[in-house]
Amino acid sequence: MNFQILDADYIGHESGPVIRLFGRAEDGKSVCCFVPGFEPYFFINAEGELDKLSTMLTEQFDVIKKVEIVPKFEPIGFQLSRKPMLRVTTMEPRNVPEIRDDVLTLPGVKEVYETDILFRNRFLIDKGLHGMGWVSVEPVSDSPYSSEKIYCDSVFTADSFEEIEKLSIAPLKYFSFDIECLPLEGSMPVPESSPVIMISMSFSPAFKGHDTIVVVAKKVEGTGDDVECFDSETLMLNRFFEIFQEYDADVISGYNINGFDIPYIADRVTILSGSGDNVRSTVGRDGRILSYRKIGNRTMVSIPGRVVVDALPLIRSQYSLKRYTLRNVAKELLDREKLDVAPSEMEEYWNDSGEKLLKFIDYARRDSELAMELFLKLQLLDKHIAIAQVSGSLLQEVVDGGQTSMVDNLLLREYGKQDRVIPPKPSDELVAMRNRSSEGLKGGEVLDPKRGLLENVVILDYKSLYPTIMMAHNLCYTTVVEQDRPDAETIKPPSGGEFVPAEVSKGIMPSILESLLQRRVETKKKMKNAASDSEYRVLDATQLALKILLNSFYGYSGYTRARLYSMALANAVTSFGRNNILNTRALINGTISKVILRDGSAYFTEELSSINADDTIVSLSVVYGDTDSVFVQCSSKKEVSLDDAGLVGTKIAAMVSDSLPDPMELEFESIAKRALFIAKKRYAIWVFEPSGDGWKEDIKVKGMETVRRDWCELTSKTLNTVLGLVLKDGDVDGAVSHVRSVVDGVRNIDVRKDSEIIEDLTMTRMFSKKAASYKNKQPHLTVAEKIERRTGSPPPVGERIPFVIVAGKGLFVNRAEDPEYVRENNIPIDVDYYIKKQLLPPVERILGVFGVDMANLDYDSRQMGLFDFSDKPQDSPVKRISKKEVEVQPPQQSEDKKSQSSLFDF
DNA sequence: GAGCCGGCCTAG
DNA sequence: TAAGCTAGGCCGGCTC
């Protein structure tokens with residue numbers, strides 16, 4: 001039988017630990033497969049006589065089952081030969097961490113390795129199995145290993161299995177839920193006093209014909225059969241858990257369930273049980289009851305056999321939004337309205353027995369529906385499933401953890417195959433030492449942009465720059481020269497240090513990267529002839545996962561909490577990268593310098609014996625670049641079409657790539673018909689990407705206020721319009737008058753008449769740490785304090801806090817206010833702030849390129865501002881940008897700004 | 001007014 | 001079982 005691995009753990013048994021694999025079979029049945037016979041172990045690196053140490057170990061620790069001497073390489077550094085180490089097998093998985101510290105005190109023992117690998121991961125790694133991977137097993141018997149009830153359709157034992165390749169995902173069952181609690185007098189509900197009054201559930205696929213069910217702790221008249229009513233909270237909760245287990249979902253989800261619903265229900269169950277109202281909160285496929293653990297600010301929930309996925313953190317990490325309330329997320333991402341009963345009205349709605357109560361129930365239903373929709377419509381989990389399959393980590397780990405566990409997993413697999421041991425996670429002391437002694441890691445090179453508006457800029461970038469650098473130069477923990485020297489020329493990165501070449505010893509990391517890269521190329525090829533939509537989706541997620549993994553290794557190597565940390569390695573990678581982009585620029589500006597277009601092909605000067613009259617000569621100049629990209633301006637006496645620029649781009653890419661070691665590759669990406677560079681990491685381009693036979697056009701904005709969440713919508717909208725007018729139409733005049741009209745509008749804002757405008761004036765910032773650790777006042781901190789004063793509780797750390805600046809005297813930070821409060825109380829906003837601080841500076845940075853200067857504008861004292869002046873278009877020197885006028889630099893600093901009578905100083 | 005710092009967010 | 005990395009712009013507030 002074939003099934004997909006959703007979860008794994010182990011149970012103790014008198015014959016030794018037994019692994020349990022949970023999954024979903026291709027026929028839709030849920031599976032629990034017991035696998036006996038796998039033993040826990042770790043390694044010891046010691047000096048002196050290993051035989052003696054081995055005997056001492058078996059005598060001293062009765063939990064040690066077996067000690068073998070095995071040849072192994074140490075974790076870091078090129079080594080000429082393996083060294084004998086001890087492989088210690090213990091009785092139980094937990095024995096490994098138990099005896100680790102004592103083992104370290106024994107004479108001769110230098111280090112212990114792989115002492116903190118979870119047993120289930122150890123199993124998956126050693127057996128070549130992967131999270132969400134498909135396995136084929138031959139059941140040998142029904143479950144002899146558990147007397148407990150297993151909540152799966154199919155329960156059996158197997159001792160042999162193999163992973164198989166399958167391009168489909170098993171028919172997974174999704175369950176999402178949302179609870180409603182009755183707040184007392186409108187304040188935040190707490191489990192000690194506020195009961196759970198309703199739980200809404202959504203199912204995909206449907207449960208007994210229902211897409212949703214709402215259970216209610218009260219008798220209600222006039223409901224449909226997808227509402228179940230109970231006399232008490234206890235009875236309702238029991239029914240909830242009954243449905244939960246009967247449905248037997250693979251993915252348990254909801255919105256902020258980890259932050260709220262799950263801990264709330266779990267606490268409530270404890271409280272009710274304490275007063276004699278027993279609730280059987282069985283949720284696990286092994287019968288485990290609902291529980292959670294607090295780690296720092298985070299709640300961790302684990303349900304054996306299933307995967308718990310909170311939509312909130314996933315949305316947070318995948319979408320850049322101003323706010324992450326379910327209301328806002330549903331609106332922005334699903335174009336759906338969340339229905340709400342205000343907390344202050346809940347009691348009234350709940351105590352009603354007619355319309356209001358039914359409405360309340362429908363509102364509750366909507367919340368679990370929305371959470372489900374987020375998963376299904378946004379395919380929230382696809383990427384994680386693919387990452388699990390590619391890295392081998394279990395889905396729950398991929399969802400909960402960062403990049404570290406994925407990289408660890410891949411490294412452990414490959415290190416094991418090549419007889420290398422891996423150290424445990426560094427202790428806090430070691431981390432502190434690494435942080436202290438850190439020589440520092442230098443990053444990528446950012447080229448100074450040629451500021452202003454440019455035409456015909458070809459954009460090229462390096463495909464997976466850091467991974468390809470590691471492959472090209474064999475950079476690895478295992479190739480850095482530390483103790484042993486190779487009998488060959490070494491590779492010397494610009495940052496210093498030495499690495500052995502691949503001919504001497506191929507690095508483990510380059511090997512891993514190579515196979516990831518190759519798989520990605522293959523996956524992309526398969527995408528082109530995918531058999532179905534769903535297959536295409538799986539493949540697309542896979543290639544994305546491979547890309548993410550490829551790019552995770554460099555960051556890991558410079559991460560002080562990584563098992564394998566090497567400044568020498570991380571610095572080698574970035575130093576090659578910095579040299580590379582500088583060399584690329586020099587090559588394009590110097591050696592290449594020109595491309596000649598003739599009869600639909602591109603040539604370098606030396607490829608042609610002579611220049612013909614109808615050739616198009618394109619001069620090249622690198623005008624910007626960041627880490628792995630170069631922007632090349634193409635100028636010519638003749639008109640350069642998109643296709644021409646494309647030819648130039650492809651030609652440059654090929655030439656540069658040829659000059660580089662495999663698999664480094666510069667790729668032609670797109671063409672900016674017009675590009676506006678404001679500063680490093682701040683630019684806007686009217687870009688054309690090759691698409692099929694033609695071109696796909698778009699305006700892309702990087703780093704500027706339109707894409708920043710700490711600027712208000714008014715600014716973003718205005719700036720977007722300005723950028724569109726300037727880039728697409730070349731209409732600076734139009735841009736100026738647009739800004740003028742916006743400023744006029746803002747001047748005349750009356751909050752009482754138009755409370756909608758508050759939306760556009762709202763800025764948001766993340767409340768990133770506890771209030772006490774802020775050294776300076778911050779606007780969002782002011783608002784957080786005001787909210788705490790008004791409601792009794794501050795917003796949680798990590799939340800984005802919206803605010804507007806209201807009129808008044810004193811510091812800006814003190815005039816930040818909750819937009820909701822402003823709306824309710826008709827508080828006037830600080831019009832001057834919005835014009836002078838929000839609108840004009842970003843606009844000026846853009847229009848300043850055309851000589852528009854608003855620095856000496858004083859709206860308070862002057863009747864006629866700069867914009868008023870431009871109200872007379874016939875006087876304005878600016879017309880549409882013609883080709884000649886395009887490349888305009890800002891006026892010299894030394895120019896007297898006050899004497900500038902014209903808006904537009906060309 | 002220049003220059004520094006804390007804070008935030010973004011590019012890659 | 002908390003956490004990939006650095007470069008860089010810009011704001012407000014403070015000091016000199």
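All heavy atoms count here, side chains included; hydrogens, waters and symmetry mates do not. Reminder, nothing fancy here: chain letters follow the sequence lines and each chain counts from 1.
The environment of NZ in A:Lys442 is sparse: at most 12 heavy-atom neighbours from other residues, nucleotides or ligands sit within 6.0 Å. Environment of NZ in A:Lys680: crowded, with over 12 heavy atoms of neighbouring residues, nucleotides or ligands closer than 6.0 Å. The neighbour count for A:Lys777 NZ, taken as heavy atoms of other residues, nucleotides or ligands under 6.0 Å away, is above 12.
Among the protein residues, A:Gly296 comes within range of no part of the nucleic acid, since none of its heavy atoms lies under 4.0 Å from any strand. Among the protein residues, A:Arg578 comes within range of no part of the nucleic acid, since none of its heavy atoms lies under 4.0 Å from any strand. At the heavy-atom level, A:Asp400 lies under 4.0 Å from the strands shown only through sugar-phosphate atoms. Using a 4.0 Å heavy-atom distance criterion, A:Gly555 is classed as a base contact. When heavy atoms are screened at a 4.0 angstrom cut-off, A:Lys442 is found touching the sugar-phosphate backbone but no base atom. Counting non-hydrogen atoms under 4.0 angstrom, A:Tyr462 reaches nothing in the nucleic acid. Using a 4.0 Å heavy-atom criterion, one finds that A:Val407 contacts no nucleic acid atom at all.
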Given A:Lys700 and A:Asp698, is the salt bridge (charged side-chain N to carboxylate O under 4.0 Å, His left out) satisfied, shown in steps? CA-CA 6 Å; A:Lys700 281 195 177 148; A:Asp698 197 10; 5.3 Å; no

Evaluate salt bridge (charged side-chain N to carboxylate O under 4.0 Å, His left out) for A:Asp116 paired with A:Arg563, printing each intermediate quantity in order. CA-CA 11 Å; A:Asp116 57 352; A:Arg563 292 170 189 276; 2.7 Å; yes

Starting from the C-alpha separation in whole Å, work towards a yes-or-no answer on salt bridge (charged side-chain N to carboxylate O under 4.0 Å, His left out) for A:Arg20 and A:Asp9. CA-CA 5 Å; A:Arg20 288 194 299 204; A:Asp9 62 6; 2.9 Å; yes

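Straight-line distance from the CE atom of A:Met567 to the C1' atom of C:dC5: 9 Å, rounded to whole Å. Taking atom CG of A:Leu465 as the reference point, atom P of C:dA7 lies 15 Å away to the nearest angstrom. The distance between atom CD1 of A:Ile581 and atom C1' of C:dT6, rounded to the nearest whole Å, is 14 Å. Rounded to a whole Å, the NZ atom of A:Lys837 is 14 Å from the P atom of C:dC10. Summarising the geometry, the separation between NZ on A:Lys680 and P on C:dG9 is reported as 6 Å, rounded to the nearest angstrom. Look at NZ on A:Lys547: it is 19 Å from P on C:dG4, rounded to the nearest Å. Nucleotide C:dC5 holds its C1' atom 16 Å from the CG atom of A:Leu564, rounded to whole Å. Put simply, CG on A:Leu447 is 14 Å from C1' on C:dG8, counting in whole angstrom units.
The aromatic rings of A:Phe677 and A:Tyr683 sit tilted, their planes meeting at an angle between 30° and 60°. Between A:Phe631 and A:Tyr624, the ring-plane angle classifies as tilted under the 30° and 60° cut-offs.
Taking only side-chain nitrogens and oxygens, A:Thr404 comes nearer than 4.0 Å to OP1 or OP2 of C:dG4. Phosphate contact (OP1/OP2 of C:dC5, side-chain N/O of A:Arg561, threshold under 4.0 Å): absent.
The listed nucleotides are C:dC11, C:dG8, C:dC5; the one nearest the side chain of A:Val446 is C:dG8.
Salt-bridge formation is detected for the pair A:Arg561/A:Asp428: a Lys NZ or Arg NE/NH1/NH2 atom is positioned less than 4.0 Å from an Asp or Glu carboxylate oxygen.
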Listed pairs, N/O of protein and of nucleotides 14-16 of chain C, under 3.5 Å:
none

Sugar-phosphate means primed atoms, P, OP1 and OP2; the rest is base. With that split, encode nucleotides 5-12 of chain B 5' to 3' as B, S or - using protein heavy atoms under 4.0 Å. -SSBBSBS

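The backbone N or O of A:Asn579 lies less than 3.5 Å from a partner atom in the side chain of A:Asn583, making a donor-acceptor pair.
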